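A short write-up of the structure that comes next.
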Amino acid sequence: MTEQKTETRTFEADVSRLLHMMVHSVYSDRDVFLRELISNAADACEKLRFEAVSRPELLGDDAKPRITIAADPDNKELVVEDNGIGMSRDEMAEALGTIARSGTRAFLERVEAGKAAEDTQLIGQFGVGFYSAFMVADRVDVISRQAGSDEAFRWSSDGKGTYEIAPAPLEAAPRRGTRVVLHLMEDATSYATPYRLEGLAKSQSGHVPVPITLVEKPGAEPRDIADGTALWVRQKSEIKAEEYTDFYRSIAGQYDEPASTIHFRAEGRQEYSVLAFVPGSRPFDLFDQDRKGRMKLYVRRVFITDDADLLPRYLRFVRGLVDSADLPLNVSREMIQESPLLASIRKGVTNRMLADLAKTAENDAEAFAKIWENFGVVLKEGLYEDYERREQLLKLARFRSTASGEGWRSLADYIGAMKEGQKAIFFIAGDDRARLEASPQLEGFRARGIEVLLLTDPVDSFWVTMAPEFDGKPFKSVTQGAAELADVALPEDAAKPDVETSSDIATFLAFVKATLGDEVSDVKASDRLTESAVCLVAPEHGPDRQFERLLNAAGRLDKAAKPILEINPRHARVAALAKLGDDEKAFKEDAAHLLYDEARVLDGDKPADAKAFSARLARLIDRGLAKG
Ligand code: ADP
Ligand code: MG
């Protein structure tokens with residue numbers, strides 16, 4: 001019975017916040033509302049096209065999809081209408097009163113935290129496109145009649161907390177589809193100007209796959225302003241860069257420039273077209289666990305789904321579409337998704353994407369560096385997820401290193417700069433580049449001019465642990481096992497270390513080991529230290545220091561391996577400590593513990609036992625004072 005009367009409902013709280021923001025924050029670009037409404041109209045036409053494959057009667061005598069923009073400058077009104085799938089009463093309440101997509105709350109919080117200027121650029125990505133109508137209108141009416149239904153409904157709101165839904169007389173509704181009526185704000189009346197509308201629609205939405213018609217004022221003859229030819233079926237040579245950019249913006253909901261455009265048609269055993277983009281900036285939800293790929297699947301120009309599994313997860317930043325000529329249309333979406341044809345398309349598209357990235361890397365290092373800065377961390381997931389393409393991905397990978405400065409190094413660069421006798425690709429992993437560069441573990445490498453990769457993404461510890469090789473060279477952590485530096489000569493002018501460890505030193509190392517007990521797994525003379533007295537390294541087998549930390553933080557480590565304390569036998573303080581006799585035993589014990597704590601602190605950890613540490617430090621200070 002409620003079906004028959006007018007209902008007033010309250011917007012979901014998040015919608016109210018969003019609307020408030022839309023109206024009150026200063027928008028650099030209100031024009032985007034038109035793109036959003038046209039994009040919804042086109043989606044509705046595409047949904048109908050899909051439904052009509054199995055239920056052709058839905059089309060009736062009106063088979064051709066169409067979007068109509070109608071201006072009424074005198075009444076300050078603007079209408080965007082489609083003959084698509086339409087909405088039922090419940091669908092309206094659901095679609096125009098709530099926010100479906102996860103991540104929206106986080107978005108709102110960021111915007112409210114004052115990053116508005118940057119983030120309003122992202123509106124289209126959040127599934128909140130419709131609400132952008134309230135940037136230019138102080139009242140919005142939506143009249144919709146679902147395909148195949150003999151009822152129509154009218155939704156209306158001023159965007160201030162509530163909306164109304166009521167049945168609409170059929171003669172005041174579209175025959176099928178949705179009419180969105182904007183009552184324009186005083187400062188937005190220029191959006192009812194025909195030439196403005198034509199310019200905006202053509203430039204922002206000229207390539208949606210549904211034709212667009214403009215009616216300049218009530219009673220005027222409709223005029224076609226975009227023909228709805230799908231951009232991807234046109235010849236590459238005939239498409240201008242701006243056309244690609246517009247299309248990218250409408251499909252990605254991002255308003256920047258694509259970093260790379262990939263357009264090709266595969267022919268042969270399988271026929272399909274691909275139009276895909278690497279975005280110019282990071283989408284907001286790149287690291288959202290639930291984030292799906294964003295490639296749309298079409299079959300012979302009929303839109304099927306936007307969450308088809310068309311690319312592996314590590315390419316989830318790519319936006320675009322695949323249009324297949326061979327997949328069956330008259331089966332369910334689920335069956336299409338499971339088709340072996342789709343698996344082979346996926347393989348083809350993935351290979352092509354990687355080949356294209358490789359081409360950019362080779363021909364335009366600067367452009368590739370930008371892509372890598374935005375998406376390298378995602379691409380690196382492929383190093384452990386996609387064994388077959390690991391080699392290819394390692395070639396693409398770029399790194400910061402002790403030799404990179406602000407630039408990037410490829411593994412080929414690294415190999416080219418390896419020192420005579422060097423057998424491995426050395427790396428150090430941690431969260432912070434500056435701290436890594438200050439690590440004592442690097443000293444011996446630096447002294448020999450050996451480059452060390454600085455791995456600061458958590459994902460690095462995972463792929464590097466799978467022990468890949470590149471060009472026959474293994475990856476080796478400088479915080480693990482023996483440094484094997486003796487194989488690489490020191491430069492002529494460097495002070496030669498005293499390779500013989502004296503018997504004093506050997507005795508001292510044994511003393512430290514006995515003092516520390518099972519705090520450490522071993523105490524060794526170090527060949528990787530030149531300036532510092534001590535450092536910690538992980539045992540040869542198992543995780544390196546950083547990976548152990550990550551596993552520990554994730555609760556995935558049963559028992560942490562005891563580190564090895566390396567002591568620099570050439571260090572003056574160490575040599576002096578080694579010379580002390582048994583009468584100084586208590587002092588030497590304190591020193592042993594303090595050396596271990598020093599190594600922990602250098603590694604970003606805390607002293608092993610804070611209370612004991614302060615007591616030892618106090619004794620040390622007292623001793624200094626007594627002498628002074
Ligand atoms: P999105 O398009 O990302 O889903 P929007 O805020 O733009 O988010 O639209 C919300 C929902 O409203 C759409 O998903 C759709 O269900 C519905 N909708 C909006 N406009 C139309 C339309 N013209 N025809 C049918 N449904 C529509
Ligand atoms: Mg939308």
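When a ligand or atom number is given, it counts from 1 through the structure's own listing order. Keep in mind that this is a model prediction, so the values were computed, not measured.
- Note: no N/O pair closer than 3.5 Å links Met87 and ligand 1 by distance alone.
- Residue pairs meeting the salt bridge (Lys or Arg N to Asp or Glu O under 4.0 Å) criterion with at least one partner in residues 156-182, sequence neighbours excluded, are Asp61-Arg175, Asp62-Arg176, Glu81-Arg179.
- Not one N, O or S atom of Ser39 sits under 2.8 Å from the Mg ion (ligand 2).
- Contacts with ligand 1 closer than 4.0 Å are made by side-chain heavy atoms of Leu96 only, the backbone lying farther away.
- The number of heavy atoms from other shown groups lying within 6.0 Å of CD (Glu267) is above 12.
- Residues forming a side-chain hydrogen bond (donor to acceptor under 3.5 Å, both in side chains) with Arg398 (at least two apart in sequence, or on another chain): none.
- At a heavy-atom cutoff of 4.0 Å, ligand 1 is contacted by the side chain of Asp82 but not by its backbone.
- By the 6.0 Å contact criterion, CZ on Arg269 is open, its count of non-hydrogen atoms from other residues, nucleotides or ligands being 12 or less.
- Residue contacts with ligand 1: Asn40 is placed with a nitrogen or oxygen under 3.5 Å of a nitrogen or oxygen of the ligand (distance criterion only).
- Residue-environment remark: CZ (Arg55) stays at or below the threshold of 12 foreign heavy atoms within 6.0 Å.
- Ligand 1 has no atom lying under 4.0 Å from any heavy atom of Glu36.
- The Gly129 neighbourhood of ligand 1 comprises atoms 5 (P), 6 (O), 7 (O), with distances under 4.0 Å to a heavy atom of that residue.
- Below 3.5 Å of separation, one finds no N or O of Tyr131 facing any N or O of ligand 1.
- The contact set between ligand 1 and Ala95, taken as ligand atoms under 4.0 Å from a residue heavy atom, comprises 10 (C), 11 (C), 12 (O), 16 (O), 17 (C).
- At most 12 non-hydrogen atoms from other residues, nucleotides or ligands lie less than 6.0 angstrom from CZ of Arg265.
- Other residues, nucleotides and ligands place no more than 12 heavy atoms under 6.0 Å from the CD atom of Glu388.
- Close contacts between ligand 1 and Ala44 involve ligand atoms 24 (N), 25 (C) [criterion: under 4.0 Å to a heavy atom].
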